[in-house]
Amino acid sequence: GAGVSQSPSNKVTEKGKDVELRCDPISGHTALYWYRQSLGQGLEFLIYFQGNSAPDKSGLPSDRFSAERTGGSVSTLTIQRTQQEDSAVYLCASSLVTGFYSPLHFGNGTRLTVT
Amino acid sequence: GQQLNQSPQSMFIQEGEDVSMNCTSSSIFNTWLWYKQDPGEGPVLLIALYKAGELTSNGRLTAQFGITRKDSFLNISASIPSDVGIYFCAGEETSGSRLTFGEGTQLTVNP
């Protein structure tokens, strides 16, 4: 079946512009995560959605970052007034949580470059 | 919050050699996972561990969930060039909580 789909795969934007990154999780997966990965670095947690619960936003680095998940499916990560330090690969992942851990399935990411 | 310390940060080995990497945490985890990331792709799950002391193999990969529940290791035997990539450990403190990832181990295999 289809995996996690992210779009665009690459995005180049000018400093100060807003960007929207999209994630289509695997159908039926109730949990959705956004991570950020700078070049050669580990995975930095940004935000976590689980079913109808309030999202865990504790990883968002500033108020320029926001995310929403509509209808428990597609998620959009928005970065306002982009800065050069926002340049990174943004990874989305989903899992089917059934009270027993279900592995994360990652998309291939959106590579964001802020010039 | 909880932190995972993963080591080594990078490894350069010859094809055919065995590899070992590990993760330690400051808190107890219920689940340990190992992922591999190829260039330009998202991480892919290699092995999942659910019980303290559990030793699990997947082909040339072997991973263990430490007895203290605060550590895990991953071994790769007889490495091949396609083993190149970044390996991440990840842990889950409680069922349904979000994963915490280690910083990754960059593996380079010289043919």
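What you see is a predicted model; the values in this text were computed from it and never measured.
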*Asks:* Quick check: B:Y35 with B:F88 (ring centres under 6.0 Å apart)?
*Replies:* no
*Asks:* Ring-plane angle category for B:F101 and A:Y35, please: parallel below 30°, perpendicular beyond 60°, tilted otherwise.
*Replies:* perpendicular
*Asks:* Of the backbone (N, CA, C, O) and the side chain (C-beta and beyond), which part of A:L43 lies under 4.5 Å from a heavy atom of chain B, both, or neither?
*Replies:* both
*Asks:* Does either side chain, that of B:S20 or that of B:N75, offer a donor lying less than 3.5 Å from an acceptor on the other one?
*Replies:* yes
*Asks:* Side chain, backbone, both or neither: which part of A:Q6 has a heavy atom under 4.5 Å from chain B?
*Replies:* neither
*Asks:* Heavy-atom pairs under 4.5 Å with chain B: which of A:E44, A:H105, A:Q37 has the most?
*Replies:* A:Q37
*Asks:* Given that the side chain runs from C-beta out, which part of A:S58 has a heavy atom under 4.5 Å from chain B: side chain, backbone, both or neither?
*Replies:* side chain
*Asks:* With respect to chain A, which residue among B:Q106, B:Q9, B:Q37 yields the maximal number of heavy-atom pairs within a distance under 4.5 Å?
*Replies:* B:Q37
*Asks:* Could you tell me whether a side-chain N or O of A:T110 sits under 3.5 Å from a main-chain N or O of A:P8, the two making a donor and an acceptor?
*Replies:* yes
*Asks:* Would you kindly say whether A:S87 and A:T113 are connected by a side-chain donor-acceptor distance under 3.5 Å?
*Replies:* no
